[in-house]
Each structure stands twice: as structure tokens, then as C-alpha cells.
Amino acid sequence: MSHEAEALPIRLCLGVYVALISLTALTVGAAFLDMSFLNTPVALGIASVKALLVMYFFMELRHSSKLTWVMMGSSGVFLTIMIMLTMSDAISRGWLGVPGK
């Protein structure tokens, strides 16, 4: 990689900052709402958007090669699979009932 990293404009940095702060406030607000089983997926969705913003702008993913994009995408897919498997285990624990009763 022989490209010169160009600095982000201040306006863009402030815009991303405001977006991250707004999403954090949205996360806090969503934590106080009773959304039943949707609390965790909503929180994970907001956290994913914040992570994508940080990776794209501050970790310079936008200037990376296609291979880096493929690696980030595949790791995101496998992370999603692991989260889904963990959530399915946590949700289904009460289905069997308490043994001995």
C-alpha cells in the first residue's frame, strides 16, 4: 500500500462524531423501553452501525483493498452466526423446564 493517507475534513469528523453520539443516546433511550425480546437485537443493530462508522472513517477502511473488505465482511458474517447461535441457546434454555419437578 503506497498511497498517502489524506486527513479527514473537520466537518466530516464532526459529522461522524455527532452521529456516534446520537446513536449512543439512541442506545440509552432504547434500553429504557420495554420491547420484550427485541431489546437485544435493537442494541446489537445500533452497535453494529456505530462499529461500521468507526471502521469506515477512522480505521480508513474506505481506502483499503478489496481483500480487506472481503475479510471484514466474512468476519462480520461469522460474528453474526455466533451471536445467533448464542441467542438461540439463551432463548431456548427455559423450554425444557426444571428437572425433578
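Closest non-hydrogen pair, Ser92 versus Ser88, comes out as OG-O, 2.9 Å. Listed here is the closest heavy atom pair of Val42 and Ala30: CG1-CB, 4.2 Å.
Put simply, OG on Ser48 and CG on Leu79 are 7.5 Å apart, with the number rounded to the nearest 0.5 Å.
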Handout entry: Leu23/Leu53 under side-chain contact (heavy atoms from CB on, under 4.5 Å): CA gap, chis, key distance, verdict
Key = CA-CA 11 Å; Leu23 288 169; Leu53 281 173; 4.0 Å; yes
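With a 4.5 Å cut-off on side-chain heavy atoms, Asp89 and Leu85 do not count as touching.
Summarising the local packing, CE of Met71 is surrounded by 12 or fewer heavy atoms from other residues, nucleotides or ligands at distances under 6.0 Å. Around atom OH of Tyr17, no more than 12 heavy atoms belonging to other residues, nucleotides or ligands sit under 6.0 Å away. Atom CD1 of Ile81 has more than 12 neighbouring heavy atoms from other residues, nucleotides or ligands inside a 6.0 Å radius.
Under a hydrophobic clustering in which Ile, Leu, Val, Met, Phe, Trp and Tyr are joined whenever their side-chain heavy atoms come within less than 4.5 Å, directly or via other members, Leu8 and Leu52 fall into the same cluster. Under the 4.5 Å side-chain contact rule for hydrophobic residues, Leu33 and Leu26 share a cluster. Hydrophobic clustering places Phe57 together with Leu61 (ILVMFWY residues linked when any side-chain heavy atoms are closer than 4.5 Å, directly or through intermediates). Cluster annotation: Leu44 is not connected to Met72 through the hydrophobic network of ILVMFWY side chains, with a link wherever side-chain heavy atoms come within less than 4.5 Å. Side-chain heavy atoms closer than 4.5 Å link hydrophobic residues (I, L, V, M, F, W, Y) into clusters, and following such links, even through other members, never connects Leu14 to Leu20.
Of the possible polar contacts, none joining the Thr68 side chain to the Ser64 backbone as a donor-acceptor pair under 3.5 Å is found. Trp69 places no side-chain N or O within 3.5 Å of a backbone atom of Arg62 that could act as its donor or acceptor partner.
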